[in-house]
Amino acid sequence: MPLVAVIDFETTGLSPTRGDRAIEIAVVLLEGKRVVDRFQSLMNASQRIPAFIEALTGITNNMLISAPQADSVMRDASRFVGSAPLVAHNAAFDRAFWNAELIRVGLEISHMFACTMLVSRRLYPQAPSHKLGALVDYHGLPRAGRAHRALADAEMAATLLCQIFDDLRNYYHIDHANHALLMALQRCSKPLLRVWMAKHASIACQ
DNA sequence: TGCCAGGCCCTCTTTAGGGCCTT
């Protein structure tokens with residue numbers, strides 16, 4: 001069964017194009033619904049963390065003093081991910097930092113990202129919120145440690161992804177949910193999704 | 001506290017505007 005890499009970054013801000021940097025990365029490798037490996041590291045990008053981010057993540061400037069250099073971490077993370085397709089919650093955000101940090105160390109950008117948030121908006125339009133924690137609560141899934149830490153968030157996104165795979169199998173009778181299907185589903189237009197659901201599913205599309 | 005950016009989505013739309021989500 002092909003591997004999928006669920007990734008999450010903690011960063012100094014929202015935009016790498018404005019100079020924000022990654023300060024922590026975590027990757028959870030899934031084989032089907034089984035976690036087969038994990039990667040997690042703080043990243044010293046020689047950039048001060050705003051107080052707001054320290055409060056949000058619990059990652060302090062002091063913690064990064066002894067952290068490995070960002071370029072070294074990204075080389076290790078890239079080797080860890082290998083050719084596995086990537087999944088993230090609000091993947092546009094993590095993709096921007098993944099690409100920016102890889103460019104900094106001269107590594108190739110080639111990974112396709114699937115997004116659990118976009119897929120969840122399609123599959124669970126009735127959910128009160130499509131934030132990661134809210135979706136985990138909505139499904140009654142276990143929370144994995146402190147929110148806004150990379151490994152905990154990556155674990156929760158992986159758990160959500162497994163829920164999505166379960167629902168695709170149970171409600172849509174798709175036994176071989178994969179990255180390509182997620183990519184298609186997250187880009188599926190609403191009218192097309194209605195047709196798709198009417199054909200395959202018992203869940204109504206609002 | 002809320003803004004900062006970017007991508008996506010929805011609608012009172014498409015020659016636009018605003019909300020959601022990520023840190």
Side-chain angles (χ1 to χ4, degrees), chain A residues 5-28 40-61 63-64 67 70 73-74 77 86-104 109 111-139 143-161 164 182-194 196-197 204-206:
Chain A
V6 183
I7 188 170
D8 187 76
F9 279 108
E10 304 306 317
T11 71
T12 62
L14 295 174
S15 174
T17 61
R18 290 173 56 91
D20 292 321
R21 296 294 306 276
I23 57 176
E24 188 179 42
I25 183 174
V27 184
V28 173
Q40 182 272 332
S41 181
L42 292 171
M43 302 168 60
N44 184 345
S46 301
Q47 183 169 335
R48 283 198 66 79
I49 307 174
F52 169 74
I53 298 297
E54 283 190 318
L56 179 71
T57 65
I59 300 171
T60 66
N61 284 290
M63 290 168 66
L64 292 192
V73 174
M74 286 307 298
L86 287 163
V87 177
H89 196 72
N90 195 10
F93 175 86
D94 293 284
R95 182 180 59 213
F97 279 94
W98 174 258
N99 290 346
E101 296 291 348
L102 286 185
I103 288 172
R104 282 180 176 273
I109 298 169
H111 290 89
M112 302 290 285
F113 276 74
C115 179
T116 51
M117 184 188 74
L118 294 180
V119 172
S120 292
R121 282 177 175 172
R122 294 305 192 197
L123 293 185
Y124 317 117
Q126 70 279 15
S129 165
H130 295 91
K131 294 180 181 179
L132 177 59
L135 284 165
V136 166
D137 291 342
Y138 174 75
H139 289 295
R143 283 180 173 262
R146 188 192 196 284
H148 296 300
R149 286 301 300 264
L151 184 57
D153 284 359
E155 296 266 12
M156 285 198 293
T159 302
L160 174 60
L161 179 62
I164 289 169
L182 295 177
M183 295 285 292
L185 189 54
Q186 72 185 24
R187 291 191 170 95
C188 189
S189 69
K190 198 167 183 177
L192 185 59
L193 186 69
R194 282 201 184 91
W196 190 78
M197 284 184 165
C205 176
Q206 291 181 349

Within the structure, does a side-chain N or O atom of [X] lie under 4.0 Å from either OP1 or OP2 of [N]?
X        : N      : result
A/Thr17  : B/dG6  : yes
A/Arg121 : B/dG19 : no
A/Ser129 : B/dC21 : yes
A/His89  : B/dC21 : no
A/Arg18  : B/dA5  : yes
A/Arg95  : B/dG6  : no

**Request:** Using the closest heavy atom to pick a nucleotide of DNA chain B for each, name whichever of A/Asp20 or A/Leu132 lands nearer the 5' end.
**Result:** A/Asp20

If you check every side-chain atom of [X], which of [options] has the closest atom?
X        : options               : answer
A/Phe52  : B/dC9, B/dT22, B/dT23 : B/dT23
A/Leu56  : B/dC9, B/dA5, B/dT23  : B/dT23
A/Leu118 : B/dT23, B/dT22, B/dC9 : B/dC9

Please state how far atom [atom1] in [X] lies from atom [atom2] in [N], giving the value in whole angstrom units.
X        : N      : atom1 : atom2 : value
A/Glu10  : B/dC21 : CD    : P     : 17 Å
A/Tyr124 : B/dC20 : OH    : P     : 21 Å
A/Ile7   : B/dT22 : CD1   : C1'   : 13 Å
A/Leu160 : B/dT22 : CG    : C1'   : 15 Å
A/Asp94  : B/dG7  : CG    : P     : 14 Å
A/Leu135 : B/dC20 : CG    : P     : 14 Å
A/Met117 : B/dC9  : CE    : P     : 9 Å

**Request:** Assess the side chains of A/Thr116 and A/His89: does a donor N or O sit below 3.5 Å from an acceptor N or O?
**Result:**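 A/Thr116 vs A/His89: donor-acceptor pair found between side chains.
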
**Message:** Salt bridge or not between A/Arg143 and A/Asp137? Use side-chain N to carboxylate O under 4.0 Å.
**Reply:**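 Here A/Arg143 pairs with A/Asp137 in a salt bridge, since their nearest N and O are under 4.0 Å apart.
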
**Message:** Any carboxylate oxygen within less than 4.0 angstrom of a Lys/Arg side-chain nitrogen, looking at A/Glu10 and A/Arg149?
**Reply:** no

**Prompt:** Do other residues, nucleotides or ligands put more than 12 heavy atoms under 6.0 Å from A/Arg48 CZ?
**Reply:**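 12 or below, so no.
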
**Prompt:** What integer number of Å spans the C1' atoms of B/dC12 and B/dG18?
**Reply:** 12 Å

**Asked** Looking only at heavy atoms, which two atoms of A/Val73 and A/Leu42 are closest? And how far apart?
**Response** CG2-O, 3.6 Å

